[in-house]
4 protein chains.
Amino acid sequence: MTTTVTEHRRPLRADARRNHERILEGARAVFAEYGLEAQIDDVARRAGVGVGTVYRHFPTKEALLGELVRRKLRVFAENAREALAREGEPFGVFADLLRRNAEVCVADAAIQHALMAFGQHISMHAQVELEELNKPTAELMARAQRAGAMRPDVTVDDISMLMCGVSATMTQTGPGFDWHRHLEFVIDMLRR
Amino acid sequence: MTTTVTEHRRPLRADARRNHERILEGARAVFAEYGLEAQIDDVARRAGVGVGTVYRHFPTKEALLGELVRRKLRVFAENAREALAREGEPFGVFADLLRRNAEVCVADAAIQHALMAFGQHISMHAQVELEELNKPTAELMARAQRAGAMRPDVTVDDISMLMCGVSATMTQTGPGFDWHRHLEFVIDMLRR
Amino acid sequence: MTTTVTEHRRPLRADARRNHERILEGARAVFAEYGLEAQIDDVARRAGVGVGTVYRHFPTKEALLGELVRRKLRVFAENAREALAREGEPFGVFADLLRRNAEVCVADAAIQHALMAFGQHISMHAQVELEELNKPTAELMARAQRAGAMRPDVTVDDISMLMCGVSATMTQTGPGFDWHRHLEFVIDMLRR
Amino acid sequence: MTTTVTEHRRPLRADARRNHERILEGARAVFAEYGLEAQIDDVARRAGVGVGTVYRHFPTKEALLGELVRRKLRVFAENAREALAREGEPFGVFADLLRRNAEVCVADAAIQHALMAFGQHISMHAQVELEELNKPTAELMARAQRAGAMRPDVTVDDISMLMCGVSATMTQTGPGFDWHRHLEFVIDMLRR
DNA sequence: AATGAATGAGGTTTCATTCAT
DNA sequence: AATGAATGAAACCTCATTCAT
C-alpha cells in the first residue's frame, strides 16, 4: 500500500496538489448531489481526472469520505477559534457559533450522512480534528458557564451529540421538520 | 406486479402467514447485526426460507425495510394509546412514553438507520402509521400543556424531529455519546 | 413423473378435460401475445387455473409448447385431408391448401417461433402428427405432378422446409417483408 | 451510460481493441455452440476476459448480439461489392453471391437465430449496414434483370426475405431439410 | 384434482479496486 | 504521476418447477 498524500510524508508536486483539491471538491459535489452511493467513477469524472488518480490520492472510498469529514471538522474548529477571539456576551457568541457551523453542515448534507453511516468509526479517523474542535469549544462553554448563562452540566461531547441530532434533521425531510427550529430548541435548552 | 402480502388482499394461508413473520423477524435480526447493507439472501437464510419467498412477500428490499419501519411505528402508537389511558401527572406520563419508545428503538438500531436513510420517502410509505401515532401523542401533549407543565409552542412534529435526533445518537458511538443523556436533554427542553 | 394427460392413458374427468382445453387455449393466447418468454404463471392466470394444475396436465413448459405444435400440425393434416376430398385442378387445390395452412399459422405466429426454437427436437415430439400431415400432402402432390403442373422433383419434406421459410417471414418484420408475397414466390417455385 | 466502444468515439487503446475482438469472437463461438441462451459469463470465459469487460464493451446482451449481426451484414455487403466488380454472366454472378453469403451464414447459425429473434428490432439497429448491403445488391439485380435473366418483379427486399427463409432452414433440422436445396429452389425461382 | 406458496439455481448487472499502458 | 480499461466478487431479481395445504 502506497503512502497516502494526506499523511503529508513529502511535499506534493504542484499539479498533484491541484488534483488533490479537485478530487476533494468533486467528491463533495457528487456526494452532495447523489448521496453516498455516488461512485468513485463519478467523483473522478466530476474532478476531471481518471479513477486511478483518485485512488492514488485516497486508497479507498472510505478514506476519501473520511478526509471530507475531517475537512469539515477543521472548518468547525476554525470557526470556533474565531469565536474565541471575538468580544461579546459569551452565550450569544457560543450560540452564534452553533448556528454558523450548522450552516456549514447543511451546505452538503450528504457528508452528514457519511458522518452517520461511519458511525463508531468516525472518532477513530478524526481523533485529531475532533480535539482541535473541542479545545476552543470547551473554552467558549466554560466562559458562558462561568457567566452563569449556560447550564453548568453540559459538556463539549454533549454539544457534538446534540448537533449530530440537528444534522439528522437536515437529512430527514419529515412533515414539519425544520432544522433551524431544532437548533433553537437546543440553544434554548443550553441557556442559563 | 404481484399482490404484496402486506396489502392484505385476502387472508393468508397459515404457512404463508408464518413465513411472513419469520421473514420480518429475520430481517430485523440481520439488519440489526450487519446494518442496512445486509443482503436479501442473508435475510432469507436467517428466516429459513428461499430468496424467492422473501421476494414474493416483499417485492423489494425497500419494501421490506418499509414494513419494518411501519411495524415499529405501530408499536410506538400502541404505547402512546396505553399512556393515554394511564392516570398520573401529564408531563411525567408523556416523558415516560418517550423513554419507553426510545427503548423500543434501541432494540434494533439498524431500523433507525433505515428510518434515516429513507429520509423524505418515509412519510409517504408510513402516512397512516404516523397519523395513528400522532393522534394520541398530540392528546397527551395537550394535557401536559394545559397543565402548564410543557412548553406551549411544541408540536407533535417537533417530537418526531427531536426523537429522530435521539435515534441518531443511538446509531453513533462518539466519545461521550449516550442516548439516555440525549433523551433527558430533550425532555428538559420540553418542560414548562 | 406422472402420466401425462396427453397420452390418454385413461378417460379424463369432465372438469379435467375442460381444464386441459383452457390451459391449451390460454397458452396459445399468451405465447401469441408475449412470445415464448411468457411464463407458466401467465398461462395459468390466463387459463384461470393454478400453476400446479398446468403442471398436472403438462409436465414441462416444453411439453406444453409441444402439444400446441402438435395441435397445429393436426389442423394442417385435417385441412390436407379435406383438400384431398375436393374436386378441382390439382395444382390449384394444393396451392390453396398451402394458403389456408399459412393462414392458420399466422393466427399465432409465436407458435411458429416455438417451432423454430425447438429446432431439431420437433421432429421427435411430433413424429406421428407429421406423418398424418405428410400422407395426404404427398398424395395431393403426386396428383399435381402426374398432371404435369408441379415440378416433379419436389418432395413433401421440401414443402415443410419451404413453408418453414414462409413462417420465418411471419415472425420477422423486416422492411418490405410480406409473407403473402413470400408464399406466392414459393407456389411459383413449385409450378410445373 | 458509458460510451460504448462500438460508437468509435475515440481510437481504442491497443489492449481494448484486442479485447473487443476477442469478446466478439468469443460471443460468436459460444452462441454458435450453445445457442442464444448462452450466458454472458460464458462469453467472457471463452474470450478470456472478466464479465465486467464484456459489459464495458457492450452494455447489454442485446447490444452484443446486435454487433454480431451488424458484422455479418458487413461481410455480406463486402461480398456484394466484390461481386459487383466481377466480370461474368450477371445472373450467375448474383446466384454465386447468394451461395457465398449463405455459406457465411451457416458458419454460425446461432447468429441467424438472433436475426430472427430480433425480429422487428433489427432494422432499427442495423439500418446503415442494411443499406450498405442493399445498394450493391440492387445494382447486381438490375444488371441481371436488364439482361433478361432474372424475374423483373423481384426486389432487394424480396431477396432479404427469401434468404431469411433459407436461414430458417439452417437452424432447423427437420427430416429432409437441406438448406442447399432450399437455396437452389430460390435461385431457380428467380431465374428468367 | 386443484391451488398457489415456496424453492433456489441461474441470470444480468454494478462497482470498488487493481494494473497495464 | 496519470489514465482508464480490466477485474470479478457480490448484489439483486426471475421463473421453471416442486410440494404442502
Side-chain angles (χ1 to χ4, degrees), chain A residues 1-2 5 12-13 15-16 19 37-45 48-62 64, chain B residues 2-3 5 10 12-20 23 37-42 44-45 47-57 59-62, chain C residues 2 5 12-13 15-16 19 37-45 48-62 64, chain D residues 2-3 5 10 12-20 23 37-42 44-45 47-62:
Chain A
M1 178 135 342
T2 23
V5 168
L12 287 168
R13 265 171 39 181
D15 57 342
N19 272 342
E37 50 262 40
Q39 296 150 230
I40 296 290
D41 287 65
D42 296 329
V43 171
R45 191 160 29 253
V49 302
V51 237
T53 306
V54 176
Y55 274 91
R56 166 165 290 271
H57 286 265
F58 304 95
T60 206
K61 191 180 185 177
E62 198 177 13
L64 176 53
Chain B
T2 24
T3 303
V5 169
R10 62 177 71 184
L12 287 170
R13 249 166 54 177
D15 57 343
R17 164 148 239 91
R18 196 169 53 243
N19 274 339
H20 196 75
I23 290 166
E37 49 263 39
Q39 299 147 232
I40 297 289
D41 288 63
D42 296 330
R45 192 161 27 254
V49 303
V51 234
T53 305
V54 176
Y55 277 97
R56 164 173 279 269
H57 285 265
T60 191
K61 194 179 182 178
E62 199 177 21
Chain C
T2 21
V5 168
L12 286 169
R13 264 170 40 181
D15 58 341
N19 273 342
E37 51 262 38
Q39 295 150 232
I40 297 290
D41 288 65
D42 295 329
V43 172
R45 191 160 30 253
V49 303
V51 235
T53 306
V54 176
Y55 274 92
R56 166 166 289 272
H57 286 264
F58 303 95
T60 207
K61 191 181 183 178
E62 199 177 12
L64 176 52
Chain D
T2 23
T3 302
V5 167
R10 62 178 71 187
L12 286 170
R13 250 167 51 179
D15 56 345
R17 164 146 240 92
R18 197 170 52 244
N19 275 337
H20 195 75
I23 290 167
E37 50 262 38
Q39 297 147 233
I40 297 290
D41 288 63
D42 296 330
R45 192 162 26 254
V49 302
V51 234
T53 305
V54 176
Y55 276 95
R56 163 173 280 267
H57 286 266
F58 304 96
T60 191
K61 193 179 181 177
E62 199 178 20

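In the text below, chain A, chain B and the rest are named by the order of the sequence lines, each starting its count at 1. In this text the structure is predicted, and so the values were computed from the model without any measurement. Every heavy atom of this structure was used, including side-chain atoms; hydrogens, water molecules and symmetry mates were not.
- Partners of R18(D) according to the side-chain hydrogen bond (donor to acceptor under 3.5 Å, both in side chains) rule, which considers only residues two or more places apart in sequence or in another chain, do not exist here.
- Within the 4.0 Å cut-off from OP1 or OP2 of dT17(E), not a single side-chain nitrogen or oxygen of K61(A) is found.
- Note on H57(D): every side-chain N or O is 4.0 Å or more away from OP1 and OP2 of dA5(F).
- In this structure, N19(D) and G50(A) both approach DNA chain F, and ranking their closest nucleotides by distance from the 5' end singles out G50(A).
- Nearest nucleotide to the T53(D) side chain, out of dA16(F), dG4(E), dA6(F): dA6(F).
- Rounded to whole angstrom, the span from the CD atom of Q39(D) across to the P atom of dC15(F) amounts to 15 Å.
- Place G52(D) and G52(A) on DNA chain E by their nearest nucleotides, and G52(D) ends up nearer the 5' end.
- Nucleic acid contact for V49(D): sugar-phosphate only, since backbone atoms but no base atoms lie under 4.0 Å from a heavy atom of the residue.
- Here CD1 of I40(A) is found 12.0 Å from CZ of R45(A). Values are rounded to the nearest 0.5 Å.
- Atoms CG and NE2, on N19(D) and H57(D) in that order, are 5.0 Å from each other to the nearest 0.5 Å.
- If you measure from atom CG of D42(B) to atom P of dA10(F), you get 12 Å, rounded to the nearest angstrom.
- Regarding contacts with the backbone of dT13(E), a side-chain N or O of T60(D) is found under 4.0 angstrom from either OP1 or OP2.
- The distance from atom OH of Y55(A) to atom C1' of dA20(E) is 18 Å, rounded to the nearest whole Å.
- Here R56(B) contributes atom CZ and T53(B) contributes atom OG1; the two are 8.0 Å apart, rounded to the nearest 0.5 Å.
- Along DNA chain F, the nucleotide nearest G48(D) and the nucleotide nearest D15(A) are compared for position; the residue whose nucleotide lies closer to the 5' end is D15(A).
- Proximity note for R56(B) (side chain, C-beta onward) versus dA2(F), dG4(E), dA6(F): the nearest is dG4(E).
- Counting only heavy atoms from C-beta on, V51(D) has its side chain closest to dG8(F) among dA6(F), dA1(E), dG8(F).
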### Message
side-chain contact (heavy atoms from CB on, under 4.5 Å), that's the test. Do H20(D) and F58(D) meet it? Break it down for me.
### Response
CA-CA 9 Å; H20(D) 195 75; F58(D) 304 96; 3.4 Å; yes
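- Using a 4.0 Å heavy-atom criterion, one finds that D41(D) contacts the bases of the nucleic acid, with or without backbone contacts as well.
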### Summary
Read 5' to 3' with Watson-Crick or G-U pairs under 3.5 Å, [ ] for crossing pairs and | for partners on another strand, DNA chain E gives .||||||||||||||||||||
